[in-house]
Protein chains: 2
Amino acid sequence: MSNSRVNVRWVAEQAGVSPATVSRVSRGSAQVSPELRERVLRVIEEHGYRPNHFGRALAERRHGALGLVFPGLSGPYFSELIQGFESEALATGDQVLLLSSHYSADTDDKVLDLAARVDGMAIHAGTVSDAVVEQVSQQIRVVVMADKAGPAHASVSTDNSTVGTLTRHLLVDHGYRRLAFVGTPEGSPDVTARWEAFLAAHREAGAVPPAGPTLVALAQADGAIAAQKLFDESDARPDAVVCANDETALGLILGALGRGLRVPGDVAVTGFDDMPMAALVRPGLTTVRQPVRELATTTAQLLHAPLTQQDGDTVLDTDVVLRGSCGCQDSSGGPTTHRSSAGGDS
Amino acid sequence: MSNSRVNVRWVAEQAGVSPATVSRVSRGSAQVSPELRERVLRVIEEHGYRPNHFGRALAERRHGALGLVFPGLSGPYFSELIQGFESEALATGDQVLLLSSHYSADTDDKVLDLAARVDGMAIHAGTVSDAVVEQVSQQIRVVVMADKAGPAHASVSTDNSTVGTLTRHLLVDHGYRRLAFVGTPEGSPDVTARWEAFLAAHREAGAVPPAGPTLVALAQADGAIAAQKLFDESDARPDAVVCANDETALGLILGALGRGLRVPGDVAVTGFDDMPMAALVRPGLTTVRQPVRELATTTAQLLHAPLTQQDGDTVLDTDVVLRGSCGCQDSSGGPTTHRSSAGGDS
DNA sequence: TAAGTTTCTGAAACCGGTTTCCTGACCGGT
DNA sequence: ACCGGTCAGGAAACCGGTTTCAGAAACTTA
């Protein structure tokens with residue numbers, strides 16, 4: 001801490017002016033005569049003075065920081081989410097404070113701590129109890145991601161109903177009869193909505209859905225576990241598998257190939273996310289593209305906006321991306337996309 | 001902001017005591033008579049008073065936060081890094097401020113901003129200029145990750161020389177003659193050290209190394225690109241490929257399989273990291289296990305430790321993990337590991 | 001030249017806690 | 001009854017900025 005003694009008053013003294021003038025110069029808030037400004041700037045430059053963040057924050061009554069609460073980092077979804085959020089926040093001059101819940105019990109308390117040091121907080125679904133979200137919403141601006149809005153906070157999510165379109169494609173266009181769904185609805189509004197869209201599409205098509213989803217988590221390794229459940233331990237192998245995200249889909253494909261099954265010949269597979277790898281594997285992964293980065297940046301923008309706005313739910317459009325893994329012709333030219341019909345703000 | 005008016009003085013007034021007493025109760029720093037403590041606690045409880053972070057930080061002259069600077073989030077390496085760091089920091093009561101450089105030019109300035117709001121900063125290799133690292137080191141405690149220490153800051157890294165052991169295994173034990181190396185040394189001390197270990201092993205074994213590395217980045221998609229370069233555009237296909245990390249190795253394997261090549265029959269592949277997926281693919285990926293989480297937690301611990309310690313370089317041990325992709329028998333029972341000989345602190 | 005504006009600057013109050021310093025009460029001991 | 005010692009708790013200073021307020025100086029305008 002070489003320069004722990006350089007504060008406004010000290011700089012003011014060196015430059016022969018008042019602390020007020022130093023403040024005015026350092027933040028450029030008001031007119032200062034060229035001569036004094038010059039004197040002050042020289043001292044600032046010379047001693048590398050940077051206004052103490054706390055003094056400033058205390059006086060301004062704002063933190064200049066946003067909080068981001070998410071369950072844990074696994075895979076490209078959360079990576080993209082964090083990057084997008086961080087990038088947008090920095091663009092508007094805000095710092096980002098991170099809180100990973102790790103699904104642990106004392107997260108609620110940590111969130112309340114965090115609420116005391118940020119101007120706004122983005123909370124991903126499945127991390128903290130509704131009661132705490134509510135409580136925090138009353139202190140600072142809160143936006144929840146991938147969930148519904150509440151009385152005092154807005155939300156941003158993506159349109160999961162497109163899984164219905166995808167399921168209909170498998171049932172109707174390709175004529176698959178025994179579909180499986182890989183993912184755990186409980187604790188994730190996203191997976192819940194996808195599972196429900198999967199069921200709804202079966203109803204509409206007059207097809208019989210599986211008794212329940214194949215319950216695994218969302219990492220690539222979980223796809224390998226699902227492969228074991230579906231291909232080794234099950235008596236009737238499905239002819240198409242709808243996965244809750246791309247990672248499990250890739251894990252599942254690797255598991256299928258490892259067992260000598262052809263994809264999509266013996267089993268068709270679809271994902272959700274359209275992560276970069278989805279276009280690179282062979283066959284290409286049929287999936288739903290969701291704008292994760294936009295999800296994050298929109299969230300950050302809402303947090304930065306004035307508190308007066310009451311935004312409700314923002315739902316971002318998603319697209320079906322048809323590649324080879326569902327049985328379609330895998331054209332290396334741009335894949336066919338079906339735009340979902342989700343509206344903007346509700 | 002329902003409770004923006006609840007501060008020490010207000011609570012003090014409500015409880016009929018002085019602000020000093022409220023402070024003493026809220027932080028439990030000194031003896032307060034049971035009766036007053038009770039009165040104060042009731043008011044605190046009732047109105048959900050939480051001491052303003054800035055007031056406290058300003059008075060205590062510490063931020064209660066650590067900064068983490070890294071290039072970008074791609075893949076499990078950085079995910080694990082952030083999680084480990086965040087987890088350790090929270091355990092000691094520190095918050096985490098995130099700064100992702102995105103390889104952009106104005107990172108240096110952002111880092112200096114960040115330095116003004118944290119007690120210590122972890123900087124990953126390849127994010128900011130040495131000069132800035134040096135400058136920040138003079139203000140706060142700095143630990144660099146995956147690089148060497150400097151005059152004023154410590155470092156934590158992992159032992160990359162194990163790539164030499166792995167390369168020797170390919171050359172000597174398996175007898176491969178044409179090896180390739182996938183990764184870009186420039187800008188990454190880790191990849192540089194791995195490439196050098198790769199070259200050194202060739203020299204020791206009297207083998208001829210490739211003219212240069214196959215230059216791609218570290219994401220899974222880059223492995224697919226490397227596959228194109230090595231299998232489609234090259235005249236002499238290598239019989240073994242050493243990848244700078246597991247992600248590119250997996251991308252490369254997918255690329256090889258997609259071209260009808262057998263792994264390891266036609267081409268052997270190795271990685272670095274031992275990410276979870278490495279054990280799940282078939283054949284299992286031969287790789288080097290590095291303790292990423294320990295790298296992160298050690299870094300956080302060093303930052304939390306008193307400033308007086310001069311730690312220099314900490315190098316964490318890494319292990320060769322032999323699975324099927326190099327041509328070894330892929331025993332599903334625990335893989336053989338060769339422990340590296342790296343010391344602890346230097 | 002007098003009156004009215006505008007522009008610049010410093011003194012002082014304030015943001016919300018923490019901590020030092022000091023007073024007054026209470027204790028046991030002689 | 002008097003004295004030294006301990007302890008609880010309040011007044012005030014301080015952490016490092018920002019901002020309001022008011023006064024002084026410079027410049028217009030009549």
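Note on naming: letters A, B, ... go to the chains in the order of the sequence lines (proteins, then strands), and numbering restarts at 1 for each one.
- Taking only distance into account, the side chain of Arg27(A) never meets the base of dG17(D) through a donor-acceptor pair shorter than 3.5 Å.
- Remark: Asp109(A) engages Arg50(B) in a salt bridge, criterion side-chain N to carboxylate O under 4.0 Å.
- Residue side chain Arg9(B) reaches the base of dG16(C) through a donor-acceptor N/O pair under 3.5 Å, judged by distance alone.
- Regarding Arg24(A), its CZ atom lies at a distance of 11 Å from the C1' atom of dA11(C), rounded to whole Å.
- Remark: P of dC14(C) and CD of Glu60(A) are 19 Å apart, rounded to the nearest angstrom.
- For dG10(C), one of the phosphate oxygens OP1 or OP2 lies less than 4.0 angstrom from a side-chain nitrogen or oxygen of Thr21(A).
- Val22(B) comes within 4.0 angstrom of nothing in the nucleic acid, heavy atoms only.
- Rounded to whole Å, the distance from CZ on Arg61(A) to C1' on dC15(C) is 6 Å.
- Taking only side-chain atoms of Pro51(A), from C-beta outward, the nucleotide of dG10(C), dG17(D), dT18(C) with the closest atom is dG17(D).
- The 5' end of DNA chain C is approached more closely, in terms of each residue's nearest nucleotide, by Gly55(B) than by the other of Ala20(B) and Gly55(B).
- In this structure, Phe54(A) atom CZ and dG17(D) atom P are separated by 12 Å, rounded to whole Å.
- Partners of Phe54(A) under the ring pair (Phe, Tyr, Trp, His ring centres under 6.0 Å) rule, at least two apart in sequence or in another chain, are Phe54(B), His63(B).
- Look at CH2 on Trp10(A): it is 12 Å from P on dG17(D), rounded to the nearest Å.
- Of the candidate nucleotides dG16(D), dG9(D), dG16(C), dG16(D) has the atom lying nearest to any side-chain atom of Ala59(A).
- Contact check, Ser33(A) against dT9(C): a side-chain N or O comes under 4.0 Å of OP1 or OP2.
- Spacing between atom CD of Glu13(B) and atom P of dG10(D) amounts to 13 Å, rounded to whole angstrom units.
- Side chain of Ser23(B), nearest nucleotide from dG10(C), dG16(D), dT19(C): dT19(C).
- Atom C1' of nucleotide dC15(D) and atom CG of Asn7(B) are separated by 17 Å, given to the nearest angstrom.
- Here Arg62(A) does not reach the OP1 or OP2 of dC15(C): none of its side-chain N or O atoms lies under 4.0 Å away.
- Remark: Arg9(A) does not engage Glu13(A) in a salt bridge, criterion side-chain N to carboxylate O under 4.0 Å.
- Toward the 5′ end of DNA chain D lies the nearest nucleotide of Ala30(B), the other residue of the pair Ala30(B) and His53(A) mapping further downstream.
- Within the 4.0 Å cut-off from OP1 or OP2 of dG16(D), not a single side-chain nitrogen or oxygen of Asn52(A) is found.
- Taking only distance into account, the side chain of Arg50(B) never meets the base of dG16(C) through a donor-acceptor pair shorter than 3.5 Å.
- Of the charged side-chain nitrogens involved, at least one lies within less than 4.0 Å of a carboxylate oxygen, so that Arg39(B) and Glu35(B) count as a salt-bridged pair.
- The closest donor-acceptor contact from the side chain of Ser155(A) to the backbone of Asp147(A) lies under 3.5 Å.
- Of the candidate nucleotides dC15(C), dA8(D), dC15(D), dA8(D) has the atom nearest to the side chain of Gln31(B).
- Between Met121(A) and Val111(A), the closest side-chain pair of non-hydrogen atoms falls below 4.5 Å.
- In this entry the distance linking CG of Leu58(A) with P of dT18(D) reads 11 Å, nearest Å.
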